[in-house]
Structures are given as C-alpha cells and as structure tokens.
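The next block holds one structure in the form of structure tokens; read it before the comments.
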Amino acid sequence: MKQIICIGCPKGCHVQIDETTYECVGNACPRGAEYAKNELTDPRRTLTSTVVIEGAAIRRCPVKSDRPLPKAMVQDAAKALDEVRIEAPVNVGDVIVENILGTGCNIICARNIAKA
Amino acid sequence: MKNCYDLIVIGGGPAGLAAALSAYENGLTDILILERDQVPGGILNQCIHNGFGLHHFKEELTGPEYAGRFIDQLEGTSIELLCDCMVLEITDEKVIHAVSPKTGYLALEAKSIVLAMGCRERTRGAISIPGTRPAGVLTAGAAQRYVNIEGYMVGKKVVILGSGDIGLIMARRMTLEGAKVLACVEVMPYSGGLTRNIVQCLNDFDIPLYLSHTITEIRGKNRVEGVTVSQVDANRQPIPGTEIEFDCDTVLLSVGLIPENELSRQAGVPLDFRTNGPKVDENLQTEIEGIFACGNVLHVHDLVDYVSDESARAGKAAAAYVKGETAVGDYWNITAGDNLGYTVPQRVHRAADGVQIFFRVRRIFANSVIEVTCGDQLLAKFRREHMAPGEMERINIPKALLAKADGDITVTAKEA
C-alpha cells in the first residue's frame with residue numbers, strides 16, 4: 001500500500017492505494033482513486049505561468065495548459081514559455097503555444113486583455 | 001456622474017463583484033462599484049494558479065479566469081464600475097468620500113453599502129524578525145504581483161517564512177521561474193495552508209518544509225545575504241543550538257492576512273477583535289443598519305468560492321434592505337466556544353430562516369464533533385473526520401433547529 005494525498009480539491013484526501021491492484025481506500029470521491037492511480041502510472045500536473053504581452057496595460061499575460069502535462073515535463077514547459085511573446089488583444093482560451101514540447105497539450109490564454 | 005445610489009460596493013474584487021451582481025439579480029438597478037485598482041478582479045488577477053471555482057463553477061479555473069467570469073456578467077447590467085478610485089472615508093450617514101483622476105473628488109450618498117475591501121498581508125514589522133534591514137524581504141503577495149503582473153523576478157535564492165497558501169503557491173511559482181527555493185519555514189507544528197498545496201507546491205519540487213521553526217536572524221547590508229533558522233519549543237521560543245544557516249538573497253513572508261477595515265472603523269462599524277472584521281448578523285449586516293460586509297474584509301477565507309457565495313448573500317440582503325424587506329426583531333448571540341477561534345456571523349435574528357455559520361478551530365482535530373448548544377440544550381451536531389486551523393469550516397443550522405433556541409448559541413468542537 002502506498003499513501004497518496006489527492007490534490008483534486010481542497011479536501012486533500014489521504015488515499016491508500018495498492019500498488020498492484022490499484023484498489024483504494026480513504027478517498028471521499030471517485031476522483032481520488034483516479035488521481036492515486038495516475039500518480040503511480042502517469043503523474044500529471046496542470047501548468048500555470050505567464051508570457052510576455054506587448055501592447056497592453058500590463059506586462060504579463062497568464063496562461064495555462066489546457067490539460068495536465070506529464071509531471072516530469074512541467075519545469076521544461078515553464079522554461080519554454082520564457083521565450084514566448086504575444087500581442088494584445090487576447091482572450092481566454094486563445095491558443096498561445098500548440099502542442100508544447102510534443103506533449104499534445106496546448107498552452108492557452110487565461111485572461112482577457114485589451115489593447116492599450 | 002450622479003451622486004446618489006441605492007447600493008455602493010466598496011471594492012471590485014471577487015467579493016464586491018459577487019455582491020453587486022447578486023443585488024442586481026435581486027431587483028436593484030442603481031448600483032455603483034468603487035475599485036482602487038485600474039481593473040476589477042482584485043487579488044485574483046495575480047493568482048494565476050488554478051484551483052479556483054471547483055464549488056462555484058464545478059470546474060477548475062485560474063484566478064484571472066474566475067474573476068473574468070464575474071466581470072463578464074457585468075456587461076448588459078446597469079451596474080456602474082468606477083476604477084482607479086480611492087475611497088477616503090465612509091460616514092455613519094452612508095456618505096462616501098472618494099477621489100479618482102477621472103472624476104476628481106466625490107461625495108456620494110448611498111441607501112446601502114457593501115464593504116468588500118478585502119485584506120492585506122502582515123509584514124516583517126508585524127512579526128519582528130531580528131537582523132538587519134536589507135532589500136529582498138517581501139510579502140509573498142507583493143512578490144506574486146511583481147512576478148505575475150509586472151514581470152519582474154524578485155530573487156534567485158529564496159527562503160519562505162510561513163506556510164500559508166500564498167507562500168506555498170509562491171514557492172512553486174518562483175521555482176518554475178528559475179529560482180531556487182531553499183526552504184519553507186513554519187513556526188507552528190502544522191502548516192497553515194491547504195494539504196494539496198503542500199503536495200503540489202513543495203513536495204513536487206522537493207522543497208523542504210521546516211515545521212516548528214522560524215527565522216531568527218536576517219543578514220545582509222544592501223541585499224539579503226542569508227538567514228538563520230531555528231527550531232522553536234512548544235511556546236514558540238527559539239531553541240539554542242538548533243540554528244541552520246541559509247545563504248539566500250530573498251525572504252518571502254506568508255505570515256497571515258488582516259482584513260482591511262480602516263474605512264469600517266471610521267464609519268463606526270463595530271469590529272470583532274477575533275476576526276478583525278465587522279460583527280455581522282446572518283444577513284451579513286453590520287451593526288450599522290444598511291451597511292453590509294463580505295469576503296476577506298469580514299474574515300479571511302481559504303477559498304474564493306466561499307467568498308462568492310457569502311458575498312451573493314450580502315448583495316441579496318442589501319437589495320432587501322433598500323426595498324424595506326430586511327429582517328427585524330431581536331437577536332441571539334453566537335459565541336465561539338471551546339476550541340473555536342471565532343464564528344461568523346456573531347449574532348442571528350431569532351426568527352431567521354436558518355443560519356450558515358463559518359468558523360475556524362484552534363488546533364488540528366482528527367475524528368471530531370461540532371456541537372451547537374443553547375444553555376444545556378443541544379441544537380445540532382456535526383461530525384468531521386478532519387479539521388485544522390488552516391481550513392475554514394461551515395455549518396448550516398436550519399430554521400427548525402434555530403427555532404428551538406431560547407437563548408444565546410454556542411458552537412464548540414471536540415474529539416468524538
């Protein structure tokens with residue numbers, strides 16, 4: 001048995017998972033079991049960061065991955081965003097980087113920012 | 001610009017936006033929001049991480065997205081929003097004095113007011129860390145604004161004091177931006193932040209968390225050069241011989257939030273010394289009729305979803321007040337009993353349609369029970385598997401149970 005703390009919601013269930021059968025106890029909802037299994041097989045995290053925006057009243061635009069990235073690639077993906085420059089206006093959901101580092105995940109805009 | 005409104009909301013962050021929209025939905029059309037920043041959304045604009053909205057929108061959003069959902073709803077309503085506007089004073093006659101570059105000096109009359117000014121961070125001065133006074137000691141929220149909005153990196157080698165959520169979030173954020181976070185230091189034997197944030201912000205990046213430790217010296221002439229961290233005993237006194245030295249150029253403080261109530265105090269709104277926010281009833285009405293309070297100005301919340309819900313109730317109550325439908329009659333006081341730090345609200349109308357009570361416990365509880373009593377009479381009982389000071393609790397007392405009370409009400413927590 002391995003203990004995994006679920007990060008699906010603020011409750012933070014302490015899930016006990018069997019490493020071979022993936023049977024779980026201690027999770028308050030099915031998402032806890034799914035999360036614990038993923039942590040053992042393919043851990044992933046949503047990346048949130050910023051990119052440089054020009055032509056706006058603010059200097060950084062918040063962005064996020066449209067789905068969770070492999071955990072091991074989160075830091076590399078954040079680094080890749082250092083080079084990205086975008087131009088206002090942008091809207092929530094606009095794709096900023098397609099298929100980042102070949103993960104199949106897109107980086108999308110997380111704030112409506114008008115042209116200054 | 002006109003100078004009289006049915007409702008004026010002070011603050012255009014999550015609390016103010018939700019209160020104004022709710023008042024509008026409940027029949028008020030003559031509403032003004034005053035916001036001191038250049039855009040609405042408040043602190044959410046710099047909280048670029050995700051985890052917002054799980055309760056309210058049933059999906060996981062970032063801060064700017066969550067704020068955006070509310071800002072978008074303003075469109076098509078008659079709610080007026082004045083940004084870049086600093087409120088200087090509120091009088092007990094509900095006159096609001098404010099200044100803005102666009103309008104100059106304003107004296108606005110309001111039939112009702114919602115206080116939604118939020119909170120601010122405790123600083124180094126509030127906790128008296130010994131040592132020199134170099135640059136590089138910032139609150140975590142200030143660093144968050146520099147990094148996420150202004151685009152400045154605040155340091156390369158960081159020690160974080162306090163394990164509140166903002167500190168934990170900034171540990172991850174600084175790491176992703178290329179800084180080395182050496183340690184997160186917490187004076188209490190438990191973290192003040194959510195467990196999920198310990199996992200995804202510290203453990204994911206192998207950042208050590210030192211519980212029962214604190215910074216006992218900051219060194220550096222012009223810029224921070226290092227800190228000394230010491231273990232503390234049960235009375236939070238440093239233990240000699242346990243010193244650990246860290247070479248760092250930055251110290252981020254996440255050592256608590258204080259509701260920002262200068263305006264409330266000026267208006268004569270009575271405050272609760274435990275929450276540092278106004279005393280309110282079940283409708284979030286302060287002890288001055290027609291002045292309501294919600295969000296972090298009332299008490300510090302962990303989740304913006306709860307702020308939105310609470311603020312919607314305040315907005316609805318303000319609308320009812322303007323329409324002359326507000327609850328009247330006598331109150332029962334609600335008291336924080338054993339193991340509770342505070343309760344909100346602090347009193348409830350005897351004839352209220354039930355009451356939702358927020359509180360925090362003073363220490364960590366495993367299997368436990370929350371009891372709501374009135375004298376010797378047990379009104380309600382709630383079980384909890386886990387409670388911690390870092391996690392705000394919520395209970396609902398329905399009208400039928402509240403009606404059984406024949407005196408003041410006490411809420412306590414104990415092991416089951």
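Chain letters run A, B, ... following the sequence lines, proteins first and then strands; every chain starts at 1.
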Q.
Contact between A:Val63 and B:Ile48 at the side-chain level, heavy atoms closer than 4.5 Å - yes or no?
A. no
Q | Reported OG1-to-CD distance for the pair A:Thr46 and B:Gln200, which is rounded to 0.5 angstrom | A | 9.0 Å
Q | A:Thr48 versus B:Arg172, side-chain donor and acceptor atoms under 3.5 Å | A | no
Q.
Closer than 3.5 angstrom, by distance alone: can the side chain of A:Arg60 be matched with the main-chain N or O of B:Glu150 as a donor-acceptor pair?
A. no
(Q) Are more than 12 heavy atoms, taken from residues, nucleotides or ligands other than A:Gln3, located less than 6.0 Å from that residue's CD atom? (A) yes
Q: Would you indicate whether B:Glu75, at its atom CD, is surrounded by more than 12 heavy atoms from other residues, nucleotides or ligands within a distance under 6.0 Å?
A: no
Q: Would you mind telling me which of A:Ala77, A:Gly8, A:Pro43, A:Gly12 has the largest number of heavy-atom pairs within less than 4.5 Å of chain B?
A: A:Gly8
Q: Name the option with the most non-hydrogen atom pairs under 4.5 Å to chain A; the candidates are B:Asn45, B:Thr175, B:Val199, B:Ile198.
A: B:Asn45
**Q.** Intermediate values then yes/no, side chain to side chain contact (heavy atoms under 4.5 Å, CB included), B:Glu65 and A:Lys64
**A.** CA-CA 10 Å; B:Glu65 288 174 309; A:Lys64 69 173 187 180; 3.0 Å; yes
Q. Would you find more than 12 non-hydrogen atoms of other residues, nucleotides or ligands less than 6.0 Å from B:Gln38 atom CD?
A. no
Q: Sort out for me which of B:Asn197, B:Leu194, B:Leu54, B:Thr195 touches chain A most, counting heavy-atom pairs under 4.5 Å.
A: B:Leu54
**Q.** Shortest non-hydrogen contact between A:Ala110 and B:Pro64, atoms and distance
**A.** O-CB, 3.4 Å
Q.
Tell me whether A:Arg59 forms a cation-pi arrangement with B:Tyr152, defined as NZ or CZ under 6.0 Å from the six-membered ring centre and within 45 degrees of its axis.
A. yes
Q.
So for atom CD, which belongs to B:Glu385, do other residues, nucleotides or ligands contribute more than 12 heavy atoms lying within a distance under 6.0 Å?
A. no
Q. So, B:Glu177 versus A:Ser49: side-chain donor-acceptor pair below 3.5 Å or not?
A. yes
**Q.** Side chain, backbone, both or neither of B:Val147 within contact of chain A (heavy atoms, under 4.5 Å)
**A.** backbone
Q.
For B:Phe205, I'd like to know if atom CZ has over 12 heavy atoms of other residues, nucleotides or ligands within 6.0 Å.
A. yes
Q) NZ of A:Lys71: more than 12 outside heavy atoms within 6.0 angstrom? A) yes
Q) Among B:Leu61, B:Ile71, B:Val39, B:Leu176, which residue forms the greatest number of heavy-atom pairs with chain A at distances under 4.5 Å? A) B:Leu176
Q: Could you tell me the separation between the CG atom of B:Leu303 and the SG atom of A:Cys9, rounded to the nearest 0.5 Å?
A: 9.0 Å
Q.
If I measure from the heavy atoms of chain B, does A:Ile53 come under 4.5 Å with its side chain, its backbone, both, or neither?
A. neither
Q: Verify the distance criterion only: is there a donor paired with an acceptor across the side chains of A:Arg111 and B:Thr62 at less than 3.5 Å?
A: no
(Q) Please check if the number of heavy atoms outside B:Arg384 that lie under 6.0 Å from its CZ is greater than 12. (A) yes
Q.
To the nearest 0.5 Å, what is the distance between OG on A:Ser65 and CG on B:Asn50?
A. 8.0 Å
Q) Is the count of non-hydrogen atoms from other residues, nucleotides or ligands lying under 6.0 Å from A:Glu23 atom CD greater than 12? A) no
Q) Does the side chain of A:Ile5 reach to within under 4.5 Å of the side chain of B:Arg196, using non-hydrogen atoms? A) no
Q) Can you tell which of A:Cys109, A:Pro62, A:Cys13 has the highest number of heavy-atom pairs within less than 4.5 Å of chain B? A) A:Pro62
